[in-house]
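Worksheet for the structure shown next.
So that the names make sense, note that chain A is the first sequence line, chain B the second, and so on, each numbered from 1.
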Amino acid sequence: MLRTHYCGNIRESNMKSYVKVCGWVNTKRDMGGIIFLDLHDREGTLQIVCDMEILKDKFKIIESVKNQSVIQVSGKVRLRDDQTINPKIATGTVEVYAQDCKLLSEAAPMPFSLEEDVREDLRLKYRFLDIRRESMLSNLKFRHKIQKLAQDYLDSDGFINVETPMLTKSTPEGARDYLVPSRLHPGEFYALPQSPQIFKQLLMVGGIDKYYQVARCFRDEDLRADRQPEFTQVDMEMSFVEQEDVLKHLEKLFKYIFKHSMNIELDERFTRITWKTAMDRYGSDKPDLRFDLPIVDITDISKICKFSVFRNVVDSGGVVRAICVKGGDVFSRSQIDELTKTAVTFGAKGMAWISLRPDGEIYSILTKYFSKEDIEAIINRTEAKNGDFILFCADKLDIVRKVLGVLRLEIADIFGLRRKDDYKILFVTDFPQFEYSEEEGRFLAMHHPFTMPYPEDLDLLDTDKGAVRAQAYDVVLNGVELGSGSVRIYDAKVQEKMFQALGFSAEEIKERFGFMVDSFKYGTPPHAGFAFGLDRLVMLLTGSNSLREVIAFPKIKDGSCLMTSAPNVVDEEQLEVLKLDLFRAEISTKKKHKNHSDIDVDKVVALAMLSIKEEEKEKIKEDLLNIIEFANQLEKADISQIREKELEVVNVFRKDVVTNGNRRDEMLSNAKTKEDGLILVKKVVE
RNA sequence: GGCCCAGUGGUUCAGUUGGUUAGAACGCCGCCCUGUCACGGCGGAGGUCGAGGGUUCGAGUCCCUUCUGGGUCGCCA
């Protein structure tokens with residue numbers, strides 16, 4: 001047995017017992033003939049006393065032991081003298097008097113200090129060391145706790161934990177999928193799941209009745225502080241329930257988690273607001289309700305005012321809305337400029353404002369454009385008092401919502417209204433069923449295509465898609481979307497109608513969702529579900545600013561991993577097996593090829609050539625080989641020269657070449673049948 | 001793809017309106033010390049100021065390009 005106790009767990013009750021402890025050497029205080037060590041493990045820190053007389057020849061091990069080396073110490077636990085008690089550590093009243101010791105693993109000098117704040121890229125490169133930090137350790141422990149609480153609750157409520165596949169089928173619409181090439185089916189790809197959506201619905205068809213899973217999900221989109229390409233959702237689905245049943249269930253679930261993790265009592269019934277109210281009153285579908293600061297509509301007042309800027313906006317179908325900031329008269333000129341800058345960044349043409357001085361004086365550029373009555377009306381509508389500040393946005397509805405929604409948050413930050421230890425949870429309900437995509441020129445499902453509209457809105461599917469309300473709901477915590485769910489369509493006919501409304505042809509439905517539509521023919525229970533982001537919840541509850549603080553091995557902004565340097569170039573042989581033919585286009589930009597001598601001519605490739613004509617393919621290969629040759633001729637690596645040369649030749653065909661995989665994906669999804677796919681792949685292989 | 005911020009020994013930072021040989025703390029190496037706890041004392045090594053170019057008599061400092069990391073918009077059913 002290497003150890004009998006964790007370092008951090010030794011207490012006075014262990015007095016006089018002979019213990020074996022193992023851990024990392026944190027600090028060494030060498031007095032000459034006696035050395036004090038702080039030995040650390042996940043449970044805490046323990047002082048080890050090493051006496052030259054006792055350890056004899058082993059004493060030199062301790063004398064030369066390096067910081068963060070792993071050692072084993074055996075000895076007696078003894079009480080410290082009163083004067084030598086260390087109140088800073090939990091084991092501060094005791095120490096282990098070493099009888100024997102062993103160096104288990106010597107540590108090289110640490111690349112950074114575990115005590116102070118360090119550049120994040122360094123932390124991520126050496127994540128295995130970073131995890132030894134107190135903050136990371138406690139975040140991971142807390143994450144485990146939250147996950148367990150969720151599972152405990154769901155277990156006790158009769159949910160069955162079922163695993164669904166990671167290798168699954170690419171889903172149209174929504175986020176980009178991560179694709180996994182199939183060796184046994186050259187030219188075909190699995191997709192990693194964006195969520196277990198379809199499978200959990202099929203589990204309902206299968207009679208599981210109540211399902212949950214702590215599910216890994218993948219989305220190939222750009223990252224943010226609160227968005228990682230792979231993340232974890234606590235996913236659940238229930239049969240024979242209506243929306244209200246799910247919401248009640250979620251209230252209980254989150255109450256349970258908050259109670260047992262933070263000792264916070266959430267309200268019995270969470271605040272519920274409809275999507276439209278959220279958008280109009282708070283300018284966001286995930287409003288932060290730790291403060292009010294509502295948006296007020298003054299379109300009707302503006303329509304008849306003298307200020308042509310406002311009037312014109314209203315006449316051309318826009319809206320004018322305002323926020324009254326209580327005590328906002330204290331804003332400095334530069335703060336107002338900052339707010340204006342934000343407004344412009346998010347699409348506003350500018351930001352008008354009125355300041356009501358404490359003495360009642362009205363200070364604004366608007367005073368000369370507005371009549372006294374207009375201003376009175378605005379003040380009344382916004383319920384402004386002396387000392388308040390009213391700001392306006394006049395534009396198209398979606399821009400006004402967005403701009404004022406963002407300004408509302410910025411103002412709250414100025415007044416410090418977004419306290420991290422304040423938690424305000426709510427439901428946003430009645431999301432629109434569809435969202436119009438300017439880019440694609442058609443309606444897309446706002447939640448997903450399996451979401452059930454309100455029965456009374458079903459008729460609008462044919463006449464007014466934009467007005468259809470879905471039985472879809474989000475849980476929002478402090479302005480962050482924690483998770484979402486919906487009542488699902490369980491009638492094959494309604495589902496088919498929905499697919500049609502989304503513009504899928506009969507063949508597309510069959511190809512993409514055939515098995516699902518089919519399954520619904522054999523007796524499907526009404527069902528509904530929900531999923532929340534475990535990472536996000538843990539981030540909020542730990543007060544972290546980024547998901548990376550609560551994920552053991554996260555990806556950085558560009559989706560790569562600084563520790564493993566994934567994704568990376570794979571061997572030709574691996575591509576060969578998969579029947580994939582690639583050539584590498586971004587020779588000089590890839591960090592792996594900073595130095596031209598790293599460029600392996602044999603592996604020059606990249607960008608799937610699926611969409612490229614044969615004759616072009618040869619030309620591109622030739623051009624790239626030229627670039628490599630040029631690079632190799634340079635005396636020293638000079639990226640800018642290589643890049644110039646690259647651009648010179650690459651630009652010619654760049655527009656035809658798929659640099660980011662988009663075109664390739666498009667081609668693949670256009671290849672509707674297996675035969676099409678095979679033809680494409682054959683083209684490439686030849 | 002756009003915009004914004006940052007980069008100075010291993011780490012965290014300082015570095016004035018451009019001006020001698022770029023500093024400090026911690027860490028590291030060597031020596032001393034038997035009750036320290038962020039031990040202490042003495043001595044030492046370690047920097048092409050992310051990279052390239054430009055302006056200048058002179059650049060860590062100003063300009064351009066680029067790399068790396070972060071934030072954000074687009075995107076994220």
Give every residue pair that meets the salt bridge (Lys or Arg N to Asp or Glu O under 4.0 Å) criterion with at least one member in [range], sequence neighbours excluded.
range                       : result
residues 441-453 of chain A : A:E173-A:R442, A:E440-A:R442
residues 83-94 of chain A   : none
residues 402-413 of chain A : A:D413-A:R418
residues 467-481 of chain A : A:D430-A:R469, A:E456-A:R469, A:D457-A:R469

Determine the contact category for [X]: base if any of its heavy atoms lies under 4.0 Å from a base atom, sugar-phosphate if only primed atoms, P, OP1 or OP2 are that close, otherwise nothing.
X      : result
A:R548 : sugar-phosphate
A:S195 : base
A:K402 : sugar-phosphate

Query raised in the report: Are A:N26 and A:Q68 close enough, and set up right, to give a side chain to side chain donor-acceptor pair (under 3.5 Å), and what steps lead you there?
Result: CA-CA 6 Å; A:N26 261 13; A:Q68 294 301 317; 3.1 Å; yes
Measuring only the [atom1] atom in each nucleotide, how far is [N] from [M]? A whole number of Å is fine.
N     : M     : atom1 : result
B:C64 : B:C28 : P     : 42 Å
B:U12 : B:A51 : C1'   : 23 Å
B:C63 : B:A22 : P     : 24 Å
B:U48 : B:G60 : P     : 13 Å
B:U11 : B:G54 : C1'   : 33 Å
B:G10 : B:G47 : P     : 7 Å
B:G15 : B:A25 : C1'   : 15 Å
B:C57 : B:G52 : C1'   : 23 Å

Query raised in the report: Looking only at side chains, do A:Q500 and A:E496 share a donor and an acceptor under 3.5 Å apart?
Result: no
Requested in this report: Identify, with sequence neighbours excluded, every residue that meets ring pair (Phe, Tyr, Trp, His ring centres under 6.0 Å) alongside A:F443.
Outcome: A:Y436
Query - Any-strand Watson-Crick or G-U partner of B:U68, both distances under 3.5 Å - result: B:A6
Requested in this report: Sort out the partner of B:G58 for me: Watson-Crick or G-U wobble, both distances under 3.5 Å, none otherwise.
Outcome: none
Report summary line: By nearest-heavy-atom nucleotide on RNA chain B, the more 5' of A:D222 and A:Q194 is A:D222
Rounded to whole Å, please give me the gap between [atom1] in [X] and [atom2] in [N].
X      : N     : atom1 : atom2 : value
A:E549 : B:G70 : CD    : P     : 12 Å
A:I48  : B:C39 : CD1   : P     : 15 Å
A:M446 : B:C76 : CE    : C1'   : 12 Å
A:F346 : B:C73 : CZ    : C1'   : 7 Å
A:L444 : B:C75 : CG    : C1'   : 13 Å
A:D285 : B:C76 : CG    : P     : 13 Å
A:D226 : B:C75 : CG    : P     : 16 Å
A:I399 : B:C73 : CD1   : C1'   : 14 Å

Query raised in the report: Taking only residues two or more places apart in sequence or in another chain, which ones pass salt bridge (charged side-chain N to carboxylate O under 4.0 Å, His left out) with A:E549?
Result: A:R123
Report summary line: By salt bridge (charged side-chain N to carboxylate O under 4.0 Å, His left out), A:K555 pairs with (sequence neighbours left out) A:E230
Requested in this report: Starting at the 5' end of nucleotides 31-38 of chain B, put B wherever the base has a protein heavy atom under 4.0 Å, S where only the sugar-phosphate does, and a dash everywhere else.
Outcome: --BBBBBS
Query raised in the report: Are the charged groups of A:K396 and A:D398 less than 4.0 angstrom apart, N to O?
Result: no
Nucleotide N/O to protein N/O under 3.5 Å, stretch nucleotides 4-12 of chain B:
| from | atom 1 | to | atom 2 | distance (Å) |
| --- | --- | --- | --- | --- |
| B:G10 | O2' | A:P111 | O | 2.7 |
| B:U11 | O2' | A:E116 | OE2 | 3.4 |
| B:U12 | OP1 | A:R119 | N | 2.7 |

Query raised in the report: Is A:R219 side chain donor-acceptor paired with the B:C76 base, going by distance under 3.5 Å alone?
Result: no
Query raised in the report: Is any side-chain N or O of A:K125 under 3.5 Å from a base N or O of B:U68, one able to act as donor and the other as acceptor?
Result: no
Query raised in the report: Quick one: does A:R227's side chain have a donor or acceptor within less than 3.5 Å of a partner on A:D222's backbone?
Result: yes
